[in-house]
Amino acid sequence: FLRRVAAHRPFQSVTPEIRNSPFLLAYSASGENSNETSQYELSVAKDIYIIDNSFFGRMFPVKRAPPESDLEEFYALIGSKYISKEVDKKFDVIGTRQRKTELTTALLERIHG
């Protein structure tokens, strides 16, 4: 049924009523790969994440959209968010910075031509 709604939308525009209605199928996964269990529920779009990064999907226990491209587009239209856009990534350099070594000089020559 949900695939049919996604393919042939019965509405002209997304209204607040549509955004706030818990009619989208969401699931939560828990456990390890072979022992993973899923729990299904109807939820509002803003509470469901589209898992476009499997690492983040394993890292965060969130309500998920079904992993089908047509449904993911529909969920995004209604108001679900891509998990990769919600996770802030921060990278820290570990170690000491070395300047004017043979390797850093060669790298700078390649960068600056």
My understanding is that only residues two or more places apart in sequence, or in another chain, count here; which of them pass salt bridge (Lys or Arg N to Asp or Glu O under 4.0 Å) with Glu68? Arg3
Hey, could you give me the CD1/CD distance between Ile48 and Glu72, rounded to the nearest 0.5 Å? 12.0 Å
Partners of Ser28 by side chain to side chain donor-acceptor pair (under 3.5 Å), sequence neighbours excluded? none
So ring-ring contact (aromatic ring centres under 6.0 Å, His included) across residues 49-108, not counting sequence neighbours, yields none
Connected to Val93, directly or through other members, by ILVMFWY side-chain contacts below 4.5 Å are none
Closer than 3.5 angstrom, by distance alone: can the side chain of Ser54 be matched with the main-chain N or O of Gly57 as a donor-acceptor pair? no
Please check if Val62 and Ile78 belong to a single hydrophobic cluster, counting links between Ile, Leu, Val, Met, Phe, Trp and Tyr side chain heavy atoms closer than 4.5 Å. no
Return the OG to NZ distance between Ser84 and Lys89, rounded to the nearest 0.5 Å. 6.0 Å
Got a second to check how far Ile51's CD1 is from Ile83's CD1, nearest 0.5 Å? 4.0 Å
Tell me the salt bridge (Lys or Arg N to Asp or Glu O under 4.0 Å) pairs involving residues 40-55, sequence neighbours left out? Glu41-Lys63
Among all residues two or more places apart in sequence or in another chain, which pass the ring-ring contact (aromatic ring centres under 6.0 Å, His included) test with Tyr40? Tyr27
Partner of Ser80 by side-chain contact (heavy atoms from CB on, under 4.5 Å), out of Val44, Leu71, Ile50: Ile50
Side-chain heavy atoms under 4.5 Å apart, restricted to Ile/Leu/Val/Met/Phe/Trp/Tyr: what other residues fall into the cluster of Ile94, or is it alone? none
Going by atom type alone, with no hydrogens or angles, which donor-acceptor pairs under 3.5 Å involve a side-chain atom of residues 97-113 and a protein atom two or more places apart or on another chain?
from: Thr101; atom 1: OG1; to: Thr104; atom 2: N; distance (Å): 3.2
from: Thr101; atom 1: OG1; to: Thr104; atom 2: OG1; distance (Å): 3.1
from: Thr104; atom 1: OG1; to: Lys100; atom 2: N; distance (Å): 3.3
from: Thr104; atom 1: OG1; to: Thr101; atom 2: N; distance (Å): 2.9
from: Thr104; atom 1: OG1; to: Thr101; atom 2: O; distance (Å): 3.1
from: Thr105; atom 1: OG1; to: Thr101; atom 2: O; distance (Å): 2.8

From CG (Leu42) to CG (Leu25), nearest 0.5 Å: 6.5 Å
What pairs with Lys81 under salt bridge (Lys or Arg N to Asp or Glu O under 4.0 Å), at least two apart in sequence or on another chain? none
